[in-house]
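All figures in this text were calculated on a predicted structure; none of them were measured in a lab. Chain letters run A, B, ... following the sequence lines, proteins first and then strands; every chain starts at 1.
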Amino acid sequence: MTLFTRGITLKKQTKRPPQELMEIPLPQRVILPLRQYNGEPLQPTVAEGDAVRVGQVIATAPTNASLPLHATISGIVAAVTECPDYTGIPTPCIILEADGADTWIEHPPEETDLEQLEPSEILNRIHDAGLITKTLTPAPLSSDLVPRDQPASHLMDGTRITPKIDTLLITALDKEPALGVNRYLAGIHTDDLPRGLAVLKTITGAPYTRFVVDKNTSPYPQLTELVAADEEEATTITAVNGRRHPLGLTIPLIKAVLGREVPLPYGHPRDVGVAVYDLDTTMAIGRAVRTRLPQVESLITVGGGAVKQPGIITVRIGTPIREIIESLGGFATDPAKVILGGPMTGMAHYDLDTPVTKDTEGLFALTPDEVQRSGDYRQCINCGLCVKVCPVNLLPGILSLYCAQDKFDMAETNGLFACIECGCCDYVCPSRRPLVHLFRHAKYQVMEA
Amino acid sequence: MQNHNLIVSMSPHLRGSLSIERMMLTMIIGLIPPAVMAIYWFGMRSLLIMILAVATAVLVEVGIQWITNQQQTYRDYHAVLTGLVFALILPPSVPWWIPVVGASVAMILGKLVFGGLGNYPFNPPLVAWVVLKLSWPERMNLFFAPHTRDQVLTPLMALKEDPALFYSYDIVDLLVGNTAGPIGCVCALAVLIGAAVILYQGIIRWHIPLAFLAGIAIFAAVLRAINPDIYPPVLFHLLSGGVLLGAFFIAPEPVTSPVTPKGMVLFGFLAGILTMIIRMWGAYPDGTFYAILIMNAATPLFNYLKPKEYGRLKRA
């Protein structure tokens with residue numbers, strides 16, 4: 001049990017975290033954007049009218065910073081055209097129409113004995129499966145596990161440090177308390193978890209493993225078994241309050257569980273000897289290495305007052321929001337806001353044809369009552385509540401004044417880029433100032449300049 | 001399914017329930033116990049003072065914002081709160097025009113000339129209190145004994161006359177308010193009940209009140225240890241004058257107090273020390289309000305006491 005005093009407790013929104021898995025039919029159509037987070041645009045290898053099978057590579061990456069793109073349904077390529085992607089900006093996308101047969105590519109023989117595999121082979125399989133990290137800025141998992149350009153970490157006096165990972169943090173928390181995928185996964189039993197865990201241990205070389213679970217939710221039998229099975233007692237479980245935001249985000253989580261502070265702004269958990277992955281990613285690694293099949297579906301949380309039944313669904317990557325909502329029986333009431341991701345860090349979308357991507361963890365439809373418009377925000381009254389909640393020790397109120405007055409250099413020297421955009425300051429602000437909005441604006445201005 | 005009119009904005013998409021209105025209303029609710037005790041000890045006079053001050057504050061704000069064509073802000077209850085706090089630090093003897101002039105000064109000189117809520121450097125009720133104190137000192141120094149109109153000295157004024165007089169004041173009297181003083185400050189118990197409400201609601205935090213009271217207590221304890229014959233006990237200092245009202249309702253006022261935890265603690269502590277210095281060696285009997293006003297001026301400096309920079313690597 002660790003004391004984490006920063007951040008906020010979301011009571012109303014997390015009273016009943018979704019725990020049940022709901023079935024939805026396969027989508028009629030998927031939209032797969034050709035642009036990934038920080039990578040180059042992908043080169044399509046299929047043309048309009050081509051028939052594709054599930055798992056087939058339909059676009060290749062020019063560099064290792066991007067991942068190959070796989071078809072997630074079987075059918076034909078309907079178009080290669082522009083559609084809004086996860087940022088809402090129109091991007092070239094491949095649109096597939098389903099044939100309803102769900103024919104897969106030929107399955108390679110399964111391998112359950114992973115002891116024989118070379119680390120480089122494991123990394124290749126993770127890369128080819130198209131796995132990504134579940135952080136606020138997703139990156140290919142293979143390059144996150146073994147960075148190609150090792151980031152230079154220095155002490156304040158300039159001494160270079162060579163970090164060695166000593167703790168593997170496997171978290172059963174999601175990015176936000178309102179999401180429930182990892183907490184759901186903590187309750188099930190799968191062989192892919194120990195397999196993925198073994199892979200992660202081999203690659204990171206971490207002697208210690210720490211599971212982080214939510215003390216408010218149901219038991220976590222498999223994690224307890226894994227701890228009991230470890231004869232060297234190098235595996236432990238830490239229970240934290242999962243209703244606390246932003247405990248699910250990597251940087252506050254490391255601080256809360258291990259007491260280590262990742263150097264900001266450009267630090268990586270590796271710099272303090274930690275590797276953090278969630279249960280979903282760990283299981284996906286186990287699955288990918290075993291089956292050598294690409295990731296074509298992911299678990300997402302559906303919630304908000306405008307959906308009929310909140311819960312967890314398995315969804316094919318690229319499914320448009322509209323199809324998910326239709327297969328769940330439509331909206332309960334007219335939605336005011338539709339969000340991909342969680343309600344604290346997700347992105348609001350204007351077009352219901354926006355597709356789910358690999359990093360999507362939730363789909364939230366909020367009613368007009370749940371949406372707080374910040375258009376009528378007022379002046380900062382200097383109450384200091386944002387200072388109290390900020391997990392990275394900034395003075396958000398004062399920082400936002402610099403950003404609002406275009407003093408971006410002052411904002412930068414006052415820690416603008418250390419902001420992890422968790423949204424806690426916005427949540428508590430009695431003047432309803434759009435603080436995160438101002439920080440993003442300032443970051444964008446500084447980076448453009 | 002038709003395309004809905006969807007709102008697009010930056011995350012976070014959820015907001016907490018705390019608003020300026022709720023902050024101000026909770027502060028006003030917290031001031032109800034002292035206000036009720038003011039009416040109990042000094043009669044309908046206190047009610048009249050409070051009504052005049054609150055009404056003037058609201059009307060002046062509405063009027064000025066109407067004349068200058070600004071957005072009306074009376075709905076955030078800040079004017080009501082300013083008027084009420086100002087009324088509670090007035091002596092019961094004041095004529096009707098003192099609360100009227102004072103509340104106008106608080107709103108105009110204290111708040112509106114600086115650009116309204118969020119911008120003023122000094123606590124508006126204290127600005128008005130000082131203006132009145134300097135302009136009509138004799139009217140601001142006239143205190144009544146409880147339930148009567150007999151002119152008496154407040155405990156702190158008596159202390160100035162003769163240091164040994166503190167023996168004549170019972171701590172229980174100070175606690176329930178059976179003594180002379182500003183109408184809302186006499187009953188320490190009522191202020192503490194109100195303070196519990198706003199602390200529980202998270203409107204103010206413990207840093208400033210606790211540090212302020214600690215500053216006074218430590219200073220008083222040291223003096224008491226030096227010479228118990230002429231220096232009153234710690235509790236006398238904590239319960240007399242405007243200390244408790246200042247600690248919980250005036251010093252932690254958000255706009256004029258620092259935002260960082262270290263800054264708040266130092267702000268409160270120094271205000272406490274300054275209060276004691278003015279009380280012991282200053283020209284005025286009660287230094288609380290002057291001390292807070294002086295510390296208000298230094299608030300931007302306290303904000304330099306930032307929390308530790310995150311992720312600063314230590315040498316192994």
Side-chain angles (χ1 to χ4, degrees), chain A residues 8 10 13 88 153 155-156 159 161 261-264 267 322 325-326 330 334-339 343-352 364 366 370-374 378-385 387-388 392-393 395 397-398 415 418 421 423 426-428 430-432 434 436-437 440, chain B residues 1-24 71 73 76 78 115-121 202-205 207-208 252-264 299-300 303-316:
Chain A
I8 51 177
L10 294 162
Q13 291 83 3
S153 292
L155 292 179
M156 292 308 285
T159 323
I161 49 164
E261 295 188 353
V262 176
L264 290 175
R322 189 187 300 277
I325 297 292
E326 274 171 7
D334 225 17
K337 213 180 220 184
V338 172
I339 302 157
M344 291 300 287
T345 56
M347 182 84 78
H349 284 278
Y350 60 90
D351 190 346
L352 290 179
F364 282 77
L366 303 184
E370 288 174 304
V371 176
Q372 288 277 0
R373 295 164 199 243
S374 55
R378 279 169 284 179
Q379 302 197 39
C380 172
I381 60 163
N382 216 19
C383 64
L385 285 173
V387 180
K388 182 186 169 197
V392 293
N393 296 357
L395 305 181
I398 293 173
E421 298 176 9
D426 256 53
Y427 184 86
V428 296
S431 288
R432 308 231 180 280
V436 175
H437 185 138
R440 289 219 183 96
Chain B
M1 202 189 303
Q2 81 282 10
N3 229 339
H4 305 263
N5 287 324
L6 296 174
I7 299 170
V8 181
S9 71
M10 282 285 182
S11 65
H13 307 289
L14 299 178
R15 293 273 187 168
S17 54
L18 188 65
S19 59
I20 292 183
E21 287 78 9
R22 219 191 97 195
M23 271 183 117
M24 299 303 161
Q71 204 192 344
T73 60
D76 63 18
H78 182 255
L117 183 62
N119 294 320
Y120 47 82
I203 306 300
I204 62 164
R205 286 186 279 153
H207 303 78
I208 294 177
E253 201 266 350
V255 182
T256 53
S257 64
V259 296
T260 66
K262 282 182 216 165
M264 288 192 288
T299 289
N303 282 341
Y304 280 105
L305 293 172
K306 288 177 192 172
K308 191 179 71 72
E309 204 172 304
Y310 194 89
R312 187 183 280 263
L313 291 187
K314 286 188 213 97
R315 189 181 272 278

Using salt bridge (charged side-chain N to carboxylate O under 4.0 Å, His left out) as the criterion, list what pairs up with B/R22, not counting sequence neighbours.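 With neighbours one apart ignored, the set is empty.
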
So, using side chain to side chain donor-acceptor pair (under 3.5 Å) as the criterion, who are the partners of A/R378 when residues are at least two apart? B/E21

Quick one: does any side-chain atom of A/N393 pair with a main-chain N or O of B/Y310 as donor and acceptor, under 3.5 Å?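 No, because the side chain of A/N393 does not come within donor-acceptor range (under 3.5 Å) of the backbone of B/Y310.
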
Leading residue by heavy atom contact count with chain A [cutoff under 4.5 Å; candidates [options]]:
| options | result |
| --- | --- |
| B/P12, B/S19, B/S257 | B/P12 |
| B/H13, B/R205, B/M10 | B/H13 |
| B/P307, B/P252, B/G16, B/P258 | B/G16 |

Spatial distance of atom CG (A/D426) from atom CG (B/L14) [nearest 0.5 Å]: 11.0 Å

Roughly how far, to the nearest 0.5 Å, is CD of A/Q379 from OG of A/S431? 8.0 Å

Chain B contact via [X] - side chain, backbone, both or neither, heavy atoms under 4.5 Å:
| X | answer |
| --- | --- |
| A/V387 | side chain |
| A/L385 | both |
| A/C383 | both |

Steps toward ring-ring contact (aromatic ring centres under 6.0 Å, His included) verdict (B/H78, B/Y120): CA-CA 13 Å; B/H78 182 255; B/Y120 47 82; 5.8 Å; yes

Tell me which of these, A/L366, A/I8, A/I339, has more heavy-atom pairs under 4.5 Å with chain B than the rest. A/I339

Where does B/T73 contact chain A at under 4.5 Å (heavy atoms): side chain, backbone, both or neither? neither

